[in-house]
There are 2 protein chains.
Amino acid sequence: MTTVGEIGERELIARFTRAATRTRTDDVVIGSGDDAAVFLAQGPVVVSTDTAVAGRHFRFDWSTPDQIGARAVVQSAADIAAMGGRLTGVTVSIGCPPETAVDRLLALNAGIVGQTHAYDARVLGGDLVSSPTVVITVTAIGVLDDVAPATLAGARPGDVLAVSGPLGGAAAGLAVLAATEHGADPSLVVDHAEAVAAYRLPQPDLTAGPTAARTGVSAMTDVSDGLVEEIVTVAASSGVRLDVDSAAVPRADWLDAAGAALGVDPVRWALGGGEDHVLLATFTAGAVPAGWVVIGAVSEGSGAHVDGEPVGAVRGWQSFTET
Amino acid sequence: MTTVGEIGERELIARFTRAATRTRTDDVVIGSGDDAAVFLAQGPVVVSTDTAVAGRHFRFDWSTPDQIGARAVVQSAADIAAMGGRLTGVTVSIGCPPETAVDRLLALNAGIVGQTHAYDARVLGGDLVSSPTVVITVTAIGVLDDVAPATLAGARPGDVLAVSGPLGGAAAGLAVLAATEHGADPSLVVDHAEAVAAYRLPQPDLTAGPTAARTGVSAMTDVSDGLVEEIVTVAASSGVRLDVDSAAVPRADWLDAAGAALGVDPVRWALGGGEDHVLLATFTAGAVPAGWVVIGAVSEGSGAHVDGEPVGAVRGWQSFTET
């Protein structure tokens, strides 16, 4: 096994750069390899940064390096889509211990590059440093194509609340992996492969974001911290009351089987589970685009409600208290 | 002492956001606090990412948190200037252990915000996560104001080589701090305060980058890894020979005293020391802007030379081998 410390930063960056520049997009003037990348923006620029830390946001024994890299891109790209933007590029910073296997880093990078290309976007550059554990920071950059940005604050009484895809899958997959670690039958991972796959690499349709922005969206975000957490945020930011009908929240057809196997009400995953990265938005009634599922309504008042009951943020200071 | 784990991610992010949005710039449509920031670019967009890791790129016993934050911004901003760009905003991701003091994080953020504002730019958002050690990633975003990007590859035979400020100061400061750790008289830090300050917070004039881009620059980079390392890179990227006259390389007037105190030839710091972040550029002869100092020449051939002798990259895989 060759380690990162043996072949070194420059050689690895050179390999990353070759992988990243295999395809070109017309709006990138200068890609990886110079002091900075240069690209042409055909509209307002959207930017967001997310960091994933090994042992906290991902585990190398639960996901392949390729999945971990791809998921880091999905996570940041979802923030661009949640503004109504189209991803054009990412910058990536990776920290890792010198004893990390080169093959692991190359696979991680392949996942990053592959997912970025899947979005018709480009890896614009990055940094590689030594750190005690693997840390991946993806900064996603996009553009708004002749649409206004969809903020957290635009929901208005009379609007309807909708999501762009099924929820709870990533939480179910995480629960399956965690259960096998605590003595459950390892065949669970095979029997509920769709759930595990949804955790390892969520695949929300992020084109739903720009579509919504062209079609009467009033507020939008992505479901990264769980539906309840997000509706609390949108209700507070918009100064409205949000009501969700839990039975209307779409779930993948395999979710209930995973819930039955683990003795968990799958609706809990759909309401509270994070990291599906589907989009949550409010629309003028009657203007909900195809593919979106109405799950509730916006009215005067305050706070988030599920089936008529007020709910608070359930996960709290997740980054510092979660395991 | 209140820790980050006690007050939590959301409260800290809220405090960061308040600090970051104290000033506004006209081109920022949406700042911190939504899924992503949105800004208007008045030209091609320049983007670069750098990560600094505690214990490797900075030490809390050698610098204040404010200096560490500010320095992370300088490092990324220099990459924008090195393309000829003007910084417009940064995104910042911070990882830290839950037991980190809140005051330390607030001071770190104050340094980031203060330095960003000093560049007439804006903190556009970020992320805060739990990690085993403090890790700071700054993504700098800028624009090219009606100038072509200055790459590493544009140096042409007949050009002159110049730098935008004195070199070696950061290396001297680092050497002073390291010496006191290995038994040298602690008064060294006081006697050579300018050197220590240059290490803690390099203050290159980054307006020199856009100025150069308007004035006949052919290639440009910033001196982050040491002058020799950078001229090796520019010579290779441009396919030319670079010659540096070591006596012409500008040094701060206090550098030689620090060298005498530590028994180090200050020219070694000026040639090999990194992290001064002054700009290195090649210009058409006769087109060197005010404030730049000519240190050498570009000719046909290959490789970097100092005082007529060929030099190789001296620091190698710095991130993984340096202490």
Side-chain angles (χ1 to χ4, degrees), chain A residues 4-5 8-11 29-30 33-41 44-53 56-57 79-80 82-83 85 89 91-93 95 98 124-133 135 137 139-142 144 149 151-153 220-222 316-321, chain B residues 4-5 8-11 29-30 33-41 44-53 56-57 79-80 82-83 85 89 91-93 95 98 124-133 135 137 139-142 144 149 151-153 220-222 316-321:
Chain A
V4 173
E9 172 191 2
R10 276 159 199 263
E11 171 61 22
V29 180
I30 296 171
D34 215 300
D35 293 296
V38 179
F39 64 96
L40 303 175
V45 179
V46 191
V47 61
S48 183
T49 292
D50 276 298
T51 294
V53 180
R56 182 155 289 270
H57 303 96
D79 286 323
I80 302 304
M83 300 305 289
T91 64
V92 181
S93 179
L124 294 168
D127 196 12
L128 178 64
V129 299
S130 176
S131 68
T133 190
V135 180
T137 298
T139 301
I141 298 166
L144 292 171
T151 70
L152 297 167
M220 187 154 55
T221 190
D222 74 303
W317 317 129
Q318 57 159 11
S319 181
F320 290 97
T321 55
Chain B
V4 173
E9 172 191 1
R10 275 159 200 265
E11 171 62 20
V29 179
I30 296 172
D34 215 301
D35 293 296
V38 179
F39 65 96
L40 303 175
V45 179
V46 190
V47 61
S48 184
T49 291
D50 276 298
T51 294
V53 179
R56 183 156 288 271
H57 303 96
D79 286 323
I80 303 303
M83 299 304 290
T91 63
V92 181
S93 179
L124 294 169
D127 196 12
L128 178 64
V129 299
S130 175
S131 68
T133 190
V135 179
T137 298
T139 301
I141 298 166
L144 291 170
T151 70
L152 295 168
M220 186 154 57
T221 191
D222 74 303
W317 317 127
Q318 55 159 18
S319 180
F320 289 97
T321 54

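Worth knowing before you read on, the calculation uses all heavy atoms, side chains too, and leaves out hydrogens, waters and symmetry mates. Below, chain A is the first sequence line, B the second, and so on; all start at residue 1.
Of the listed residues (B:Val46, B:Thr133, B:Leu152, B:Val53), the greatest number of heavy-atom pairs within a distance under 4.5 Å of chain A belongs to B:Leu152. Of all the listed residues (A:Val47, A:Leu124, A:Thr139, A:Thr49), the one sharing the greatest number of non-hydrogen pairs under 4.5 Å with chain B is A:Val47. Of all the listed residues (B:Asp79, B:Val38, B:Val45), the one sharing the greatest number of non-hydrogen pairs under 4.5 Å with chain A is B:Val45. Put simply, of B:Gly89, B:Ser48, B:Ala140, B:Ala52, the one with the most heavy-atom pairs under 4.5 Å next to chain A is B:Ser48. Each of B:Gly33, B:Gly126, B:Pro44, B:Ala41 has some count of heavy-atom pairs under 4.5 Å with chain A, and the biggest count is that of B:Pro44.
Partners of B:Thr151 according to the side-chain contact (heavy atoms from CB on, under 4.5 Å) rule, which considers only residues two or more places apart in sequence or in another chain, are A:Ile30, A:Asp34, B:Ala153. Legend: residues meeting side chain to side chain donor-acceptor pair (under 3.5 Å) with A:Thr137, ordered by chain and number and at least two apart, are A:Thr51.
Side-chain N/O atoms of A:Thr221 and B:Asp35 include a donor and acceptor closer than 3.5 Å.
For the atom pair NE2 of B:His57 and OG of A:Ser131, the computed distance is 9.0 Å after rounding to the nearest 0.5 Å. Here B:Asp50 contributes atom CG and A:Asp127 contributes atom CG; the two are 4.5 Å apart, rounded to the nearest 0.5 Å.
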